[in-house]
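What follows is one structure encoded as structure tokens, with my remarks underneath.
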Amino acid sequence: MTVALMTAASCKSQFDSLLASNDADAKYEGAFDYFNKGKYQKAASLFESMAFLTNGTPREDTVQYYWGLSNYRYKDYYTAEANFAKFIENFPQSPFTADAAYLRIDCLYRSTLRYELDQAPTYTCMTAIADYFRDFPDAGHEDECRVMLKDLNDRLDKKAFENARLYYKMEDYQAARVAFRNILKDDADNIYREDILYYIAMSSYKYAQLSVAAKQRERYMAFMDDYLNFVSEIPESPYRKELDAMNARAQRAIGRYAGTDEMLDKTEKDFEKERKASSAVQ
């Protein structure tokens, strides 16, 4: 047997012996030795194996915390989150509790999913952040938590926006308008507010345009309300010229347009020119 193989066998037998041992002191020392050397998987196994041995002793919270921290450093965030959640419940007064709470948040954040998927983990993480702000207002990590919270909120905003836009893409304009309006009803500060207001107006216009003649006047009037809401809030929007053209068409459709056909054509041509220029830049 070569020296390298003998050394490897010796190290393996030393770890296995510690793992099987009931010597809490030896396990404790060995677990921290592995932890400090960056051998987090072995450290986690040892901390886990001594949890029962240290139950009710002054070392109990240290062992439980470092069990979670070893899993965290090993990047087993699922197990680490469970460790930290249990730790917070069992040791609310421990000097490690604030750090455990933050590390649990980080584990939850890493396990959140793309906006297209189920956002239950996102809500769990946001709740944990709120609890952290409440329970540990001076513990630090507030900036990191706020960055996470913003990203999570933005993700929810995007999911809501894309869900509503799906109706628009399917050309179900009545459902699209309702869905977009509901977003702003529930979350007026949605980061896609300008786009949402635009799609509300566009949904109204297209719904009116596709309606039977007897319904068009009423529905074009609804579009004009949405148009006025948009331009009063965001008068300098890049969407303005397109909506101006739509508004002129809607006014002509219900007999309110005061301009000439040439003026209407110019409005539409100006919008089309800008649209083509924008597409060329992209």
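Under the side chain to side chain donor-acceptor pair (under 3.5 Å) criterion, Asn90 pairs with no residue, sequence neighbours left out. With sequence neighbours excluded, the residues forming a salt bridge (Lys or Arg N to Asp or Glu O under 4.0 Å) with Arg193 are Glu233, listed by chain and number. Checked against ring-ring contact (aromatic ring centres under 6.0 Å, His included), Phe223 has the following partners two or more places apart in sequence or in another chain: Tyr205. Every residue two or more places apart in sequence or in another chain that forms a side-chain contact (heavy atoms from CB on, under 4.5 Å) with Lys215 is listed here: Ser211, Val212, Arg219.
Judged by distance alone, the side chains of Arg59 and Thr54 never bring a donor and an acceptor atom under 3.5 Å apart. Looking only at atom types and distance, the side chain of Ser111 has no donor-acceptor partner in the side chain of Glu81 under 3.5 Å away.
Put simply, CZ on Arg181 and NZ on Lys185 are 9.5 Å apart, with the number rounded to the nearest 0.5 Å. Distance CG/Leu103 to CZ/Phe84: 4.5 Å, rounded to 0.5 Å. Atom CG of Leu152 is separated from atom NZ of Lys150 by 11.0 Å, given to the nearest 0.5 angstrom.
Taking Ile, Leu, Val, Met, Phe, Trp and Tyr as hydrophobic and joining them when side-chain heavy atoms fall under 4.5 Å apart, one finds Leu117 in a cluster with Leu113.
Using a 4.5 Å heavy-atom threshold, the side chains of Glu29 and Asp23 count as separate. Phe180 has its side chain within reach of Ile183: a pair of non-hydrogen atoms, C-beta onward, lies under 4.5 Å apart.
The stretch residues 227-248 participates, sequence neighbours left out, in these ring pair (Phe, Tyr, Trp, His ring centres under 6.0 Å) pairs: Tyr198-Tyr239.
Judged by the 6.0 Å and 45° rule, Arg146 forms a cation-pi pair with Phe133.
Environment of OH in Tyr167: sparse, with no more than 12 heavy atoms of neighbouring residues, nucleotides or ligands closer than 6.0 Å.
Neither Tyr78 nor Tyr40 shares a network with the other; the hydrophobic side chains, linked directly or stepwise wherever heavy atoms of I, L, V, M, F, W or Y lie under 4.5 Å apart, form separate groups for each.
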